[in-house]
Number of protein chains: 2
Amino acid sequence: MSHPLGTRQAQKQRTRRALLDAALELLEEQSLGSLGLREVTRAVGIAPTAFYRHFRSVEDLGVALVGEALESLHPLIGTAVSATGDAEERIARAVESIAGHVDRYPAHMRFIVRERHGGVRAVREAIRDQLARFTEEVAKTLAEDPVSAGWSADDLLMLAQLYVDQMIATGCLFLEAPASAGTPVTTSEPGHGDRARERVARTAARRLRLISIGRLHWLDRPADEGTSGRGAAGVGTAG
Amino acid sequence: MSHPLGTRQAQKQRTRRALLDAALELLEEQSLGSLGLREVTRAVGIAPTAFYRHFRSVEDLGVALVGEALESLHPLIGTAVSATGDAEERIARAVESIAGHVDRYPAHMRFIVRERHGGVRAVREAIRDQLARFTEEVAKTLAEDPVSAGWSADDLLMLAQLYVDQMIATGCLFLEAPASAGTPVTTSEPGHGDRARERVARTAARRLRLISIGRLHWLDRPADEGTSGRGAAGVGTAG
DNA sequence: GATTCCGGAGAACAGTTGTTGACTGCATGG
DNA sequence: CCATGCAGTCAACAACTGTTCTCCGGAATC
């Protein structure tokens, strides 16, 4: 109601947040390209013209959303790609991290997944760039892992991209899994959602496991044929 | 101009195609949710009301597009996942198949990638279902591969999903790579596009290689811990 | 205490959208 | 050869869009 604390800029940032949040919520059932400026202001409860005080266009708002959505993703690197524990522990921890993140910021996750290949060029490119930064950081973390000894920078980046793609795909699966309802502890029955969630978790874990195995044997045949590098993993599969 | 061949239904299907094609082209720079009915008819050159003779809504048109886009994808299974040749040959063939498909049907590919997580529920679900069918067929093909001997059905499906995701991701990368211009043979210089294309091809091949390696060693530790199945591939990586 | 700054409101604008009903011309089937 | 079916047209509708300009009131500054 009133403005108990803070200056005027505080109020400005508050309605800015309201705009961002309203947009984020509206974007759960549509894409940014079809999101109207008036639609957002209506949801916030301000005049359409007030929108321009905060963003130049919906596209602009979208880019801002990319920023905070990807930023919220960053801390995941520490828990999901860290080099502590055995392989199975690490996989479990990674999957749990992703699940937790989707629980905390579902709208952010959905936004990224939807707009990554969406119809708004500026937002697409913003996501691509931010994701590239993120991937590079993952690559850096992977480099510190003893398993990565002897890997070329290119191969490490490839692996990081694979992991990041996997992370997003897994997050998307968690999003699509029927929500485990808002009641975390009230009922102890499994519920439809929890079953689906666990199925997703197990599949995701298996995927990571396969990648992890491939990683372990990546350098098994150091130099076979002349070319540039990786040895062909050819084995008798001739039909 | 005239109607030399065919009945009246031929003409109907022709404008239906025109609608689909126009939509497909318009969708290269926007998403289905923001695609207007009038926009499509305007591009085709017919009255807006004529649209209803073919589709009930733009959503409906989208679902139709899903059908033909995914159908065009099916023949890829034979060339990209077949069990002939050594691993390296197969990987190269898979990447080439995908590149070729993107060259032939770029709009289809873009449509799938964009709308797979897009803002139109009906289309999203149509893609998910069709993609599930596709994946199951891939799994069936993989099952015939000697490498898959001893694999559980669940694991095979997981691998198929991984391959399908990889296929789409690779296709998307080829789409984003600057086009190699419409002139295939006129100039023999590499050009910006061709360099980018080859970079994409090499990265995609490496990804497939890693997955292939993981596949080969998937059953290395048949039964380690009690649980349900796959042995933990844990190896000394403790930080 | 007076003045400037600025987030927001209001009205109005020209365009656009999806959808309707009644109509027309032409290929088709009796 | 006539009657029906049906793709496509036209006009009109209410609703909505993004954007501009003008104005207001309260905080911030001097």
Side-chain angles (χ1 to χ4, degrees), chain A residues 1-23 25-27 29-65 115 118-123, chain B residues 1-23 25-27 29-65 115 118-123:
Chain A
M1 299 304 172
S2 57
H3 30 95
L5 284 185
T7 72
R8 172 148 93 199
Q9 274 199 336
Q11 172 62 14
K12 170 161 186 177
Q13 272 190 338
R14 192 183 297 166
T15 65
R16 187 189 140 100
R17 263 253 61 82
L19 284 169
L20 290 168
D21 288 341
E25 191 176 337
L26 289 167
L27 284 175
E29 286 179 354
Q30 63 185 311
S31 56
L32 190 69
S34 64
L35 181 65
L37 174 156
R38 297 180 101 107
E39 207 174 342
V40 182
T41 57
R42 194 185 309 136
V44 172
I46 62 175
T49 55
F51 183 91
Y52 294 105
R53 303 291 181 191
H54 302 273
F55 305 100
R56 230 180 305 188
S57 63
V58 180
E59 196 173 296
D60 221 42
L61 181 147
V63 176
L65 279 179
E115 302 302 330
V120 184
R121 165 181 298 249
V123 171
Chain B
M1 299 299 173
S2 57
H3 28 95
L5 284 185
T7 72
R8 173 147 91 199
Q9 273 198 336
Q11 172 61 14
K12 170 161 185 177
Q13 272 190 339
R14 192 184 297 167
T15 65
R16 186 188 140 101
R17 264 252 60 83
L19 284 169
L20 290 168
D21 289 340
E25 191 175 337
L26 289 167
L27 283 175
E29 286 179 355
Q30 64 184 311
S31 56
L32 190 68
S34 64
L35 182 65
L37 174 156
R38 298 179 100 107
E39 207 174 343
V40 182
T41 57
R42 194 184 311 137
V44 172
I46 62 175
T49 54
F51 183 91
Y52 294 106
R53 303 292 178 191
H54 302 272
F55 305 100
R56 231 180 303 188
S57 63
V58 180
E59 196 173 297
D60 221 42
L61 181 147
V63 176
L65 280 180
E115 302 302 331
V120 184
R121 165 181 297 249
V123 170

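By convention in this document, chain letters (A, B, ...) are assigned in the order of the sequence lines, proteins followed by strands, and residues within each chain are numbered from 1. Given the structure is predicted, the values throughout are model-derived calculations rather than measurements.
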Side-chain heavy atoms of [X] within contact of [Y], under 4.5 Å:
X       : Y       : result
A/Leu27 : A/Leu35 : yes
A/Leu37 : A/Tyr52 : yes
B/Arg16 : B/Phe55 : yes
A/Leu19 : A/Ile46 : yes

Point to revise | salt bridge (charged side-chain N to carboxylate O under 4.0 Å, His left out) partners for A/Asp60, two or more places apart | key: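 Checked A/Asp60 against salt bridge (charged side-chain N to carboxylate O under 4.0 Å, His left out); zero matches.
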**Study point:** Those residues that, when tested against A/Arg121, pass salt bridge (charged side-chain N to carboxylate O under 4.0 Å, His left out) (two or more places apart)
**Key:**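 If we apply the salt bridge (charged side-chain N to carboxylate O under 4.0 Å, His left out) test to A/Arg121, skipping adjacent residues, the hits are A/Glu125.
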Point to revise | B/Arg53 vs A/Gln9, nearer the 5' end of DNA chain D by closest nucleotide | key: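 Checking each residue's closest nucleotide, the 5'-ward one belongs to B/Arg53.
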Between [X] ([atom1]) and [N] ([atom2]), how many Å, whole number?
X       : N      : atom1 : atom2 : value
B/Phe55 : C/dG18 : CZ    : C1'   : 17 Å
B/Arg8  : C/dA27 : CZ    : C1'   : 5 Å
A/His54 : C/dC6  : NE2   : C1'   : 11 Å
A/Gln11 : D/dA28 : CD    : P     : 11 Å
A/Phe51 : C/dG10 : CZ    : P     : 19 Å
B/Asp60 : C/dT19 : CG    : P     : 11 Å
B/Glu59 : C/dT19 : CD    : P     : 11 Å

Point to revise | Footprint string (nucleotides 10-19 of chain D, 5' to 3'): B base within contact, S backbone only, - free, heavy atoms under 4.0 Å | key: BBB----SBB
